[in-house]
*Asks:* 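One structure follows; several queries about it will come next.
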There are 2 protein chains.
Amino acid sequence: MSNRPAATTPPTSADVARLAGVSRATVSFVLNDTAGGRVGEQTRQRVRAAAAELGYVPHAAARSLRAGRTGVVLLAGSAAPIGPLFSEFYRELQGALRRHGYTSVLYGPSPGEGDEPARAWAELRPAAVLCMEPVLTPAGVDLLHRSGTRAVFSMSTAPVAGAHALIIDQPEVGTVAGAHLLAAGRRRLGVVIPADPELDQFSGPRLAGVRAAAASAGTGPVETLSLDYTEASGAAAAARCRELGLDGVFCYNDEYAMLLQRSLQDLGVDVPRQVALVGADDLLLGRLLRPRLSTVGMTLLSGETLATLIDQAIADPTAPPGTQNLLTLRLITRDSS
Amino acid sequence: MSNRPAATTPPTSADVARLAGVSRATVSFVLNDTAGGRVGEQTRQRVRAAAAELGYVPHAAARSLRAGRTGVVLLAGSAAPIGPLFSEFYRELQGALRRHGYTSVLYGPSPGEGDEPARAWAELRPAAVLCMEPVLTPAGVDLLHRSGTRAVFSMSTAPVAGAHALIIDQPEVGTVAGAHLLAAGRRRLGVVIPADPELDQFSGPRLAGVRAAAASAGTGPVETLSLDYTEASGAAAAARCRELGLDGVFCYNDEYAMLLQRSLQDLGVDVPRQVALVGADDLLLGRLLRPRLSTVGMTLLSGETLATLIDQAIADPTAPPGTQNLLTLRLITRDSS
DNA sequence: CATGGCTGCTTACACGTGCAAGCGTTACAC
DNA sequence: GTGTAACGCTTGCACGTGTAAGCAGCCATG
């Protein structure tokens with residue numbers, strides 16, 4: 001980060017006051033429409049004109065320093081390539097937070113270990129932190145609270161002590177898919193796992209869910225197929241699938257499912273006769289392949305709803321942390337299973 | 001935005017100073033490892049221990065108020081559903097900016113008209129603004145500069161006066177695709193336009209590019225097919241395509257292309273014999289359909305490169321705004337054209 | 001022993017803002 | 001004519017930080 005001085009300093013409210021021939025307080029009263037401050041109409045106009053002429057813009061840092069609160073909601077997390085579903089969700093959430101008067105700051109992947117991420121977030125004195133990565137510790141939550149953060153939300157599979165929990169029941173995705181395959185009479189199950197390690201936090205729990213379903217049905221072990229989302233890797237996974245004699249595969253999402261389906265077909269394997277496939281996300285594209293892809297449809301809580309939840313939690317920081325399920329699942333059976 | 005007072009105020013450097021039995025300046029010297037400030041080793045340890053005990057975290061707003069600069073890079077724009085290509089790009093850019101010592105703030109869709117967006121951005125006193133929506137005006141750029149923003153970047157088809165230009169040559173995407181279809185002997189061209197009005201800023205220029213190619217080849221008018229990314233809409237577009245007797249269609253991107261291709265095939269139209277298709281983005285999924293989808297492959301500048309560019313522009317705000325092409329195109333001919 | 005420099009720390013100000021309290025003037029009621 | 005209230009504006013402090021300048025004490029040098 002470079003630190004050369006600016007060419008010219010931006011106008012402050014003092015400059016506006018000077019130009020309008022009034023005190024700085026008057027400027028503040030006028031520009032903020034403060035209830036208590038009574039200012040005559042012609043003075044108001046002089047102040048507004050002066051502000052416009054100078055191109056005055058208030059200084060958010062100074063304002064929130066004085067006010068003691070920032071109106072920043074920190075969205076911490078990798079903003080990973082987690083598909084259109086979550087992209088749309090963030091988009092919605094961000095718009096809704098804006099409507100509630102908050103500024104959302106995307107913090108990106110968390111630096112460091114232990115408390116470091118929480119410490120870095122706390123520097124911004126956000127009103128709330130929404131953590132979407134599995135890096136939040138109870139100690140981190142405590143640190144945030146002690147530094148004035150009014151609400152901390154964790155968005156993950158399991159709750160974090162002290163934080164409001166937004167549960168994304170990843171295992172249930174696997175369980176729904178696994179139970180479906182088992183109910184259709186499949187017995188040798190496999191699960192496609194993305195090779196990208198950043199997706200492990202999502203794929204691991206889903207795999208566990210399939211295993212749980214298999215265990216309760218009393219079938220054999222569930223195999224894993226690693227896929228790095230290239231055609232070559234797809235062919236390898238398809239070959240391995242045939243070797244292992246799998247007859248039902250749950251794929252991490254529809255994109256991976258489509259790749260595996262094509263690779264299996266290229267190998268002469270009949271889908272769904274020999275191998276049944278289930279994806280996740282219900283992408284439109286999954287309906288374009290033949291056979292049409294079966295999938296686990298997922299609906300997230302609306303951004304507006306979550307924004308309201310966050311606003312309430314900020315309003316009452318003393319309320320005990322709640323738990324909210326973010327995800328609604330439904331199995332959509334098409335032709336691939 | 002709710003504004004109840006916090007339960008307890010966070011510790012400040014004054015609290016740390018009191019606990020360590022030193023002055024506040026000493027605390028600052030120790031915690032920032034300031035070169036000029038000379039502090040004895042045992043005092044350093046006392047200060048560090050006190051800071052740890054209180055859970056002290058510096059106040060970013062106060063710090064940047066005092067410093068006069070923020071290290072914030074504002075990424076303004078809708079963060080629209082613009083596909084995996086741009087998602088990955090933002091992700092990279094954000095990480096690279098972090099590495100350069102900046103905090104990236106995603107501002108989301110811009111509020112208001114005229115100068116309002118620029119005014120809202122300026123409140124944060126960002127070191128740089130990167131605007132990815134066509135809402136930046138020369139007056140807005142000027143306002144930002146006058147309020148201390150050291151570098152303004154516009155990311156769009158055409159440059160904006162006063163701002164560094166990151167050109168995304170959308171028309172060229174259409175031109176490349178159109179020229180290809182024309183070279184293959186197609187004469188009745190069509191272009192698929194997403195119904196989502198938020199994508200008009202991208203689809204419009206691409207359409208113009210196709211029209212330019214058609215004009216220079218001296219063919220008839222280029223038709224447009226509106227598509228809202230549902231199967232029903234795909235069927236309608238395919239029917240219209242046949243009615244119009246089109247023999248070559250450029251689709252906004254691969255997803256729309258895949259939908260149209262499937263819809264045409266369901267209608268019994270032979271792709272590419274009767275209608276040739278070209279998409280854009282070179283998605284892996286486009287290779288899974290049969291025939292494999294021809295596409296305009298796009299490569300963006302690396303996030304690291306852009307971050308370096310931004311850093312340099314911040315370091316020297318007086319340098320005249322430069323122009324940089326963000327996009328590299330290449331036509332990938334497969335089987336659908 | 002006086003001078004000067006170094007060490008280790010403190011005092012004091014500035015950054016830009018919001019708001020409580022104060023203060024002079026006018027208007028009105030008694 | 002005097003008390004009182006409302007109006008219209010200003011003075012002054014606080015928010016939490018970084019850093020220039022200053023100030024004792026100490027040692028080395030002359």
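Lettering follows sequence order; numbering is per chain, from 1.
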*Asks:* Between C/dG8 atom P and B/R46 atom CZ, what is the distance in whole Å?
*Replies:*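 Answer to the nearest Å: 13 Å.
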
*Asks:* Less than 3.5 Å between a donor and an acceptor, one on the side chain of B/R63 and one on the base of D/dG16, is that the case here?
*Replies:*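 Check fails, no donor-acceptor contact within cut-off.
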
*Asks:* Rounded off to whole Å, could you give me the CZ-to-C1' distance for the B/F29 and C/dT10 pair?
*Replies:*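 For the pair B/F29 CZ and C/dT10 C1', the rounded distance is 9 Å.
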
*Asks:* Would you find a donor on one side and an acceptor on the other, under 3.5 Å apart, between the side chain of B/T12 and the backbone of B/A14?
*Replies:*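 Yes; judged by distance alone, with no hydrogens or angles, the pair exists.
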
*Asks:* Between atom CG in B/L31 and atom C1' in D/dT19, what is the gap in whole Å?
*Replies:*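 So the CG-C1' distance, B/L31 to D/dT19, works out to 15 Å.
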
*Asks:* Can you tell me the distance, in whole Å, between the CG atom of B/D15 and the C1' atom of D/dT17?
*Replies:*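 In whole Å, D/dT17 C1' lies 13 Å from B/D15 CG.
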
*Asks:* How long is the line joining CG of A/L54 and C1' of C/dG16, in whole Å?
*Replies:*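 The distance from CG of A/L54 to C1' of C/dG16 comes to 15 Å, rounded to the nearest Å.
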
*Asks:* Could you pick out which residue, B/L65 or B/S23, lies toward the 5' side of DNA chain C when each is mapped onto its nearest nucleotide?
*Replies:*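 Final value for this comparison: B/S23.
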
*Asks:* Give the nucleotide from the list C/dG16, D/dC7, C/dT7 with an atom nearest to the side chain of A/R38.
*Replies:*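 Nucleotide nearest to A/R38's side chain: D/dC7.
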
*Asks:* Kindly say whether B/Y107 contributes a backbone atom to a donor-acceptor pair with the side chain of A/R98 at under 3.5 angstrom?
*Replies:*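 Confirmed, A/R98 side chain pairs with B/Y107 backbone.
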
*Asks:* Please check the phosphate of C/dG18 (OP1 and OP2 only) for any side-chain N or O of A/S28 closer than 4.0 Å.
*Replies:*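 Checking C/dG18 against A/S28, a side-chain N or O does come within under 4.0 Å of OP1 or OP2.
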
*Asks:* Within the structure, does a side-chain N or O atom of A/T26 lie under 4.0 Å from either OP1 or OP2 of D/dT10?
*Replies:*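 Yes, because at least one side-chain N or O of A/T26 sits under 4.0 Å from OP1 or OP2 of D/dT10.
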
*Asks:* OH/A/Y102 to CG/A/L74 distance, rounded to the nearest 0.5 angstrom?
*Replies:*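 Reported value, rounded in 0.5 Å steps: 14.0 Å.
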
*Asks:* More 5' along DNA chain C: A/V57 or B/V22, using each one's nearest nucleotide?
*Replies:*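 Result of the comparison: B/V22.
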
*Asks:* With a non-hydrogen cut-off below 4.0 angstrom, is A/G40 in contact with a base, only sugar-phosphate, or nothing?
*Replies:*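 The residue A/G40 makes sugar-phosphate contact but no base contact.
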
*Asks:* Is there a donor and acceptor pair closer than 3.5 Å between the side chain of B/R24 and the base of D/dT17?
*Replies:*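 It does, because a donor-acceptor pair links the side chain of B/R24 to the base of D/dT17 below 3.5 Å.
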
*Asks:* Rounded to whole Å, please give me the gap between CD in B/E41 and P in C/dT7.
*Replies:*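 In whole Å, C/dT7 P and B/E41 CD are 15 Å from each other.
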
*Asks:* Would you indicate what B/S13 reaches in the nucleic acid, counting non-hydrogen atoms under 4.0 angstrom: base, sugar-phosphate, or nothing?
*Replies:*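 The residue B/S13 makes sugar-phosphate contact but no base contact.
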
*Asks:* Would you classify A/A25 as touching base, sugar-phosphate or nothing, given that sugar-phosphate means primed atoms plus P, OP1 and OP2, and contacts are heavy atoms under 4.0 Å?
*Replies:*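 Since a base atom lies under 4.0 Å of A/A25, the category is base.
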
*Asks:* Select base, sugar-phosphate, or nothing to describe what A/T43 touches, counting heavy atoms under 4.0 Å on all strands.
*Replies:*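 Sugar-phosphate, no base atom in range.
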
*Asks:* In whole angstrom, give the distance that lies between atom CZ of A/R66 and atom C1' of C/dA20.
*Replies:*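 A/R66 atom CZ is separated from C/dA20 atom C1' by 9 Å.
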
*Asks:* Decide whether a cation-pi geometry holds between B/R44 and B/F29; the criteria are a distance under 6.0 Å from NZ or CZ to the six-membered ring centre and an angle within 45° of the ring axis.
*Replies:*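 Judged by the rule, B/R44 and B/F29 form no cation-pi pair.
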
*Asks:* Before accepting this row, confirm whether a basic side-chain N of the pair B/E116/B/R119 lies closer than 4.0 Å to the acidic partner's carboxylate O.
*Replies:*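 Not counted as a salt bridge, because no side-chain N and carboxylate O are separated by less than 4.0 Å.
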
*Asks:* Would you mind reading off the distance between B/H59 atom NE2 and C/dT17 atom P, rounded to a whole angstrom?
*Replies:*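 One finds 16 Å between P of C/dT17 and NE2 of B/H59, rounded.
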
